[in-house]
Amino acid sequence: MRKVVVTEFISLDGVIEEPAWTAPYWNDDIAQFKDEEQLTSDALLLGRVTYQGFAAAWPNSTDDGASYMNNVRKYVVSKTLNAVEWNNSTLIKDNIVEEITRLKQQDGQGILVYGSSALVQTLIRHDLVDLYRLLVYPVVVGKGKLLFQEGTTATLKLLKSQSFSSGVVALVYEPERK
């Protein structure tokens, strides 16, 4: 059974939106933490906004990770898109929870969810997240989309923590399920 892995850049006040504020903190250790995700996953699950941003940026990129991003299987959740053109992309328009549940039941590695705040809210509401890989940045953004919206409750078990010289802390959690 595959795991859905939500991976986010997050501020101290819980904001995950428009993470340009992360750039000054990037270093080789954080890059290695992010590379580990790709080594243990063989699919991406993306919302429309994240997909469109990635599809515009990655195909012509020569950055580290471009080969992975361009070649990995991508599942795009959108009720408004009619087609997805980026290499190895499949559109999920209907029966989202059932389709993601089906993906989790297949053989394979982890399914990474980058960004995709609206999709992440759906995954959280339907208990489809198996792992949270969070990079917590030492900034307070003040406004923006939150990882856990007001009214969301969860109990998480810490699996790993790691601090980086830039002040960023990596936290890996799994939901405690009853």
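Residues take their numbers from the sequence shown, with the count starting at 1.
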For Arg125 and Gln121, which I'm curious about, is there any donor-acceptor pair between the side chains at under 3.5 Å?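 No - no donor-acceptor pair under 3.5 Å links their side chains.
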
Would you please say whether a donor-acceptor pair under 3.5 Å links the side chains of Thr7 and Lys34?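 Short answer, yes.
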
Might you point out which heavy atoms bring Leu131 and Val129 nearest each other, and give the distance in Å?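 Scanning both residues, the minimum pair turns out to be O-CG1, 3.5 Å.
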
Where do Arg2 and Gly108 come nearest, in terms of heavy atoms and distance?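 Looking at all heavy atoms of both residues, the closest pair is CG-O, 3.6 Å.
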
Counting N and O atoms only, with roles assigned by atom type, does the side chain of [X] sit under 3.5 Å from a partner on the main chain of [Y], one being a donor and the other an acceptor?
| X | Y | answer |
| --- | --- | --- |
| Gln109 | Leu39 | yes |
| Thr101 | Val97 | yes |
| Asp13 | Val140 | no |
| Ser116 | Val113 | no |

Are [X] and [Y] side-chain neighbours, meaning at least one heavy-atom pair lies under 4.5 Å?
| X | Y | answer |
| --- | --- | --- |
| Leu81 | Lys93 | no |
| Val15 | Leu146 | yes |
| Leu134 | Leu147 | yes |
| Arg177 | Asp130 | yes |
| Tyr114 | Glu37 | yes |
| Arg48 | Thr80 | yes |
| Leu112 | Tyr68 | yes |
| Ile96 | Lys79 | yes |

In this structure, are over 12 heavy atoms from other groups packed under 6.0 Å from [X] atom [atom1]?
| X | atom1 | value |
| --- | --- | --- |
| Lys160 | NZ | yes |
| Lys104 | NZ | yes |
| Asn71 | CG | yes |

Show every ring pair (Phe, Tyr, Trp, His ring centres under 6.0 Å) that has at least one partner inside residues 127-178, sequence neighbours left out.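 Only Phe9-Tyr137, Trp21-Tyr137, Tyr25-Tyr137, Tyr132-Phe148 qualify under ring pair (Phe, Tyr, Trp, His ring centres under 6.0 Å).
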
Hydrophobic cluster membership, Val6 vs Val172, 4.5 Å side-chain cutoff: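 Result: no, two separate clusters.
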
